Structures are given as structure tokens and as C-alpha cells.
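These numbers were taken from a predicted model, which means no experiment stands behind them. Within every chain, numbering begins at 1; the chains are lettered A, B, ... in the order of the sequence lines, protein sequences first and strands thereafter.
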Amino acid sequence: MNLLNEEQRLAVEQIDGPVMVIAGAGSGKTRVLTYRIAHMMHKGTDPFRILALTFTNKASKEMRERIEHVMGPEARNLWMGTFHSVFAKMLRIEADLLGYPSSFTIYDTDDSKSLIKTILKEMNLDDKVYKPSTILGRISSAKNNLISPVEYAEDSEIRGSDESAQRPFLWEVYSRYAARCFKAGAMDFDDLLFNTNKLLKLYPDILAKYQHKFKYVLVDEYQDTNYSQYVILRRLAAVNRNICVVGDDAQSIYSFRGANIQNILNFQKDYPEGKVFKLEQNYRSTQTIVKAAGSIIKNNKDQLSKEVWTDNVQGDKIKVLRAVSDNEEGRMVANGIFEEKMRNHSHNTDFAILYRTNSQSRALEESLRRINILYRVYGGTSFYQRKEIRDVIAYMRMVVNPNDEAALQRIINYPARGIGDTTINRLITCADKYDKPLWEVVKNAVIYPELKSAVGNLLNFASMIEAFAINNRSMSAYDSAMYITKNSGLLKVLYDDKSIEGIARYENIEELLNGIKEYTEEDTITFLDEAPEEKSLANFLQSISLLTDADKDDPENNDRVTLMTIHASKGLEFENLFVVGLEENLFPSQLSLGSRAELEEERRLFYVAVTRAKKRLTLSYATSRFRFGTMISNEPSRFLKEIDPSLVEMTAPLRDPFEDNSWGGGGFGGGKFGGGYTREPKSEYVKPGSGGGFKGKPPINNPIGKIIPKSAPPPIRPGFVADDTANLQEGMRVEHQRFGMGNVQLIEGRGDGRKAVIQFDEFGEKNIILKFAKLKMHLN
DNA sequence: TACTAAGCTCTTTTT
DNA sequence: GAGCTTAGTA
């Protein structure tokens, strides 16, 4: 498809005035945006007067590359990026107006949560009632609706709802949290938008500056904007009114983050003179897939009318796989990929597996590894979230911004330097009492009598950080990072740890340092009207603070199968797609069954998943699944039944110990390897009321496991002799009352070095983790 | 204060 | 499965 169709062309050429493009899945949305920007540049608009906003770094990177392809290097001067990164940049330029240092730290969710935890402790609030994640959610949604701490405290309706949720002091937590962030010179993700609004509201001259600077404003995925983003856009576009929003209400899947589908539904009210274009022809998928998607989404009530269609070939039917367990599901998917690769000589990159929750990736990974298919997992715990990386970065953050409280708390006693909990609690009390940042108290520990016993250790820490800061001024980012890592004692701690995990952590630090080196050597995108970016440690930290795992590409081998959540897959497409875990309570999620709106969002999520497929789509479900430590049984997802049955082909399961093959009839499912047990274990072996789990202490007279030395072949019998898990050794044979024989094995990928008893099925595949034992592994 | 083992609890999606 | 807490020891 090289030419634009009529509707696309109209959307591209209408560059003046408000424009909304409703773009169905696969209708060439990015193409329209790209050509539109190219068209503006052709007509003589300076690229740095065009602001193009996306939701992910990936999307903005891709668009920039495509425009560069059409327009050449000039495209680098576009103001293009995610909402968060573009406005973070703007805030750094204007920071002092709001009382922030321009080197302000960006707190990620973990930083925010740990700050909330310290505040809760100070306020003596129960963190079972005030769950940090819930609190953060409330604060986040307040900020996204531009409700300041003061407004929150004064709003009787909000206070009322907090009170009825038994959280009457939430307003105060919010207020303290905001004050602490400010004192620490830190903004969280929501602050980046909240403070941009504050800036544009309080300083009309600044607003005017940016209103005139940006002649054109373009927004991708408009259906995902929240109120805060919406107000920023309204303000910036108020003068020129050249705003173009592109989106698809059927793909709105971020309401949990404050996204308001009304923004796209109300566009015509906001801009009555605006033009609306609908892109309804799908260029991506086969007839079958387009029709299936249509048959799903038509069950939703909230939507703009549109009819997505395609000229493409009919294509294969959609396959549905039924597995007995999550492991079997993984096996079936992996085999499916293998066979397809054999048949069509496809590359790994032509395949993707999408799931609802990150935790589902594990079973899939194991199956892929077993048959040597390379894969790459996006999302989950990213490189920058690993403990050792966060530790090093915390040191760097303190060097750049010593007031950064989250960083200080993280490293003040790591590596251990005699500053324990007692001292830290006293520090916090002091800081609160005299209204000083923690760092000020640490640095001047001498003058606070309550810190007397720890003065020496505190001052040592302070002078170390100050020395790092002084060095940092005259060193490159890389040298400075190296210096910090070595002299903080971090490197030594990791170097001395010769366990498998310790070595991996050491290597991760090396990788981080290499990354910094690369950063100092590559040239980064800056805007024409700005000074070129200095390769300082501060700028490195800024450049990674808004990165996610999806933005990190590995040079090793790029022909890999993609594994990601459906949320992360938006905007992507794959020849062969597997969507797994189509089970009630998982997809749709149990937590979304409360209201029609939530269920419809899950359905839109399924719609997004299905429309990622170009040629072949396979859906799968497992009748029982290992979740939070226990096996549970479930039914196929209601969404499966919504697909037009003429488009679907049921595939016989590889092995099915049960006769019941019918849709929805498999509730009791379960195989010989767990879940949905065909017979209840004899009661004397089971901890009363445990439901079959192996958590908690085994009853004294009712042991759960017996360890048998490898040399002596164990008799197989139903009874058990207990032993302490601490005695477990790699390779030991172990008998389990319910699961039978198993071996003790090191679990791959576990950070804490615990070993587990594992059972093997008849294929020699790992099946059930029975029990953990914490033992350190040492290399020979 | 530092460290370890084991118990308890909760479980969606992400810039 | 994993983070966090608690109890106990050094």
C-alpha cells in the first residue's frame, strides 16, 4: 500500500483547524500521522513548531524514524515524544518558576510507594487499611483530575468517600506526600502533567510562549488521554487551534490510569468547527480476523459508530486450543510455533504471544526454552527495576540531587555502615521537626542532640556523597559513575558475593556502566532551538527515568518471539499471534466484573489483542492454572463464545484425560499433575482447612515431606516423614504425599537463591513446585 | 546493629 | 511467587 486512500488523504491534507481522525484497528493511523507531519513540513512549517505527542517511547521513536525516512534528518527537530518526556523537558526549562531545581528527580512508582510507606509510619496509620498502592492510586487520580492537596482536603465529597472507606486521613497523606516530594526536589509521573498545568495556568507569559511556539499539535491514541493531559492540550491549542487528535474509542484500555474515553467522544463539542475523518478500511488482517474482531466489539454499548472492513484475503480460521494446565498451554503454544516455523520457514519475529497478566509469561518461557525457541519478554521487571541497578542509580541520584529522599533512604545504610533503623527513624523525626530535607539533617548531624550516637557514621556518609558530587563536576558521566560504584563499596559487596545470583548482579552493574559509556558516546536528539545536550550524569539519569523495558533493545540476537501483555502490544502487529489464558476471572479479570463499563474495557482489550494479528490467530485457555501458589480450576472466557462460531476451529488437545470436550463444560477440569484433583487426598496428610496448599507450618504429627538420600532408592509409600527444608540439597530425591516423587532443584530466575522441590512428569518436564528452601548456592 | 530463616498475605493492566 | 514482617541468633 503505497498510496493513501481517499479518507486518509483528506485527513493528511486538512492541516489547519481542529481535526479528529477516528482510526479503526489496522487502518493506517501511523501512516496518516506521518504523512500529515511530512505534509506540514513540505508546506514550509519549521519542524520545531510541530508538537507530536504519543503515549509510549516506542511509538514516538517509530514515528520519528518514519518521518525521517520521508523528510530526511530535519525530522529530528520535531518536538516529538511521550506526554511525560516532552513536558518533563519543558518543566526542566521552567523549573525555577515552580520552585524546583532544573535537575529535579523523577520518582517512579516504587519511589512513590516507599515514600508513602514512611509517611504512613510517621502518621501511625495502619498500612493494611491505608494500602500504599491504594493510596498512591487515590493521589494519582486526584492529580490527574487536577485536584491539589488543598482542594482535596477541602472537598467534602472526597473526604466523605475516604471516611466511609475507613481512611479519614488520606487527605493528610496526600498533603504530606506532595510536600515531601517538593522538598526532595522530586516529581512523580503524575506531577509531570500536574505541574505542567500549574505552570501554564500561573504564568500566562509562559503559556503564550508555548502557544505560539507550537503552530501544530498532534496527539496519537487520543482515547487514552486523561483530564490533566486534556487540559494541557486545550491550553496549548487555544490560540492556533491547529490540533489533530487520532484515536480509536474501541481501543481505549487505560481507564485505570485515568484515561477518559469522553475526551474523544466530546471532541466535536470542544471544537465545533473541527473536521472528523473516519478510517474504516483495515489493511492489516485477514477477513476472518477483522470479522471476528467485529463480532466481539459489537457486544459493547459505549462506542462511536463505525464499520471496519477489509479487502484482504479470507485467511485461516481462528484456532482455539484447550489445555489442561498452564504448563500444557505453554507446551501447545510452543509446539504450534515450532510447527508453523517448519511449515512456512517463518522467523521468530513473526510470532507473538500475548497475555493478560505478566505472571503468565513464566510457563510460556519454560516451554519455549525447552524447544530452543528464542524469545524476548517485554515489560515485567525491567532492567532498571532490578535491586542492584536501583541501588547504583540511587547513589547517582543523590549526587545529582542530594535532597532526593527516596534515594537517600535506599542507600544510607547499603552497604551496611552502622546506620540502622533506630538512627533512620530519628533522622526522619528530626527532618520533620525542623522542616528540613533529610540530607540537611544528615549533613549537619552534629547539631542535633538526638543523633549523637550515630554522628560519626552519618558524617562519613555525608562526606562520601559530597566527594562524589565534587568529582562529578569535573568527570564525564561514565567516569563519575565508575568512581561512585567503586568508592561507595557497592562493587565490592557484589564482587564478594560468589553465588550465581551475585555474579549475575555484578554483571548487571557492568552492563549499566557500559550503557552509560554508550550514552556518552552516541549523539542524542535535541531540538534546534535548544543547546545541545551535555553528556552529564544528570542528563543520563533524566534519559533513563522515563524509559521502560520495551525501549531497551538487545543487540545479541533480534530474531525472537515476542512475549508481552496485551496492554503493551497496542500499536504493534504480528503475522502469527497467540493470545493465551482466555479464562473467566483471568481474562476478563475477576476485578473487572463489577460494572458494565469495566467489562466493556476488558472486551476492548480483547479486541486490541485480536486485531494485532495479520494472518493467523490462535487463542488458548487452560482448565486449571497455577496462581498465587495454588492450582485453581476455571472456565473458558465468555469472550471466546462471543466470536462468530463460523470463524473458529476447535483444536483437539494434545492429551486430554477427560471426556468432556464441550465449551464451557470444563469447569472441573484438571489433570494428573495438579489442580482440580480427581480425588481428594487422604485427610490425615492435609493440613486442615488448607485447601491443598503447602503454606505455613506443617502440623507436627502430620509431616509433608520426606527426604531420601540419592544413594538409597526410596520405597514409594503413602506416608511421610517430615524434615527441615533447610536440609534439602540439589539433586535429592524427595517423596511428596500428594505429588509423588520429585527432585530438589535450583529454580532459575529466582533472585533469592531459594531451592525448591520439583516434580517431574512423564516427559521429564518440571511441573509443580512443592516447597521452597532457602539455601545459598556456591560455585565449585 | 546485622543477618537469616521462616511465616503471612496478596495477587491487572503502565507512563 | 514474592515482598514484607517477625523471631531468633551472632
Length of the line joining A:Phe587:CZ and B:dT13:P, which is rounded to integer Å:
13 Å
For A:Asn358 and B:dT13, is the shortest distance between a side-chain N/O and OP1 or OP2 below 4.0 Å?
yes
It should be established whether A:Thr423 places a side-chain nitrogen or oxygen under 4.0 Å from OP1 or OP2 of nucleotide B:dT1.
yes
For A:Ser359, answer base if it contacts any base atom (sugar-phosphate contacts may also be present), sugar-phosphate if it contacts only those atoms, and nothing otherwise; contact means non-hydrogen atoms under 4.0 Å.
nothing
If we ignore angles and hydrogens, is there a donor and acceptor under 3.5 Å between the side chains of A:Asn457 and A:Arg417?
no
ring-ring contact (aromatic ring centres under 6.0 Å, His included) partners of A:Tyr254, counting only residues at least two apart:
A:Phe256, A:His567
Among the nucleotides B:dT15, B:dT11, B:dT13, whichever has the atom closest to the side chain of A:Thr357 is B:dT13
In whole angstrom, give the distance that lies between atom CZ of A:Phe256 and atom P of B:dT14.
6 Å
From CG of A:Asn585 over to P of B:dT11, roughly how many Å is that when rounded to an integer?
14 Å
Rounded to the nearest 0.5 Å, what separates atom OG in A:Ser140 from atom CZ in A:Phe189?
10.5 Å
Separation of B:dT15 C1' from A:Met187 CE (nearest whole Å):
16 Å
Residue A:Arg362, side-chain heavy atoms: nucleotide from C:dG1, B:dT13, B:dT15 that is nearest:
C:dG1
Presence of A:Thr565 side-chain N/O under 4.0 Å of B:dT14 phosphate oxygens OP1/OP2:
yes
Between A:Asp404 and A:Thr105, do the side chains contain an N or O donor and an N or O acceptor separated by less than 3.5 Å?
yes
Using whole Å, what does the distance between atom C1' of nucleotide B:dC3 and atom OH of A:Tyr414 come to?
13 Å
Whole Å only: how far is the NZ atom of A:Lys570 from the C1' atom of B:dT12?
16 Å
Heavy atoms under 4.0 Å, any strand shown: does A:Asp190 hit a base, just sugar-phosphate, or nothing?
nothing
Whole angstrom value for the distance that separates C1' of B:dT11 from CZ of A:Arg356:
13 Å
d(NZ, A:Lys113; C1', C:dA2) in whole Å:
13 Å
Counting heavy atoms from C-beta on, name the nucleotide in B:dT14, B:dT11, B:dA2 closest to the side chain of A:His567.
B:dT14
Between A:Glu598 and A:Thr109, who's closer to the 5' end of DNA chain B by nearest nucleotide?
A:Glu598
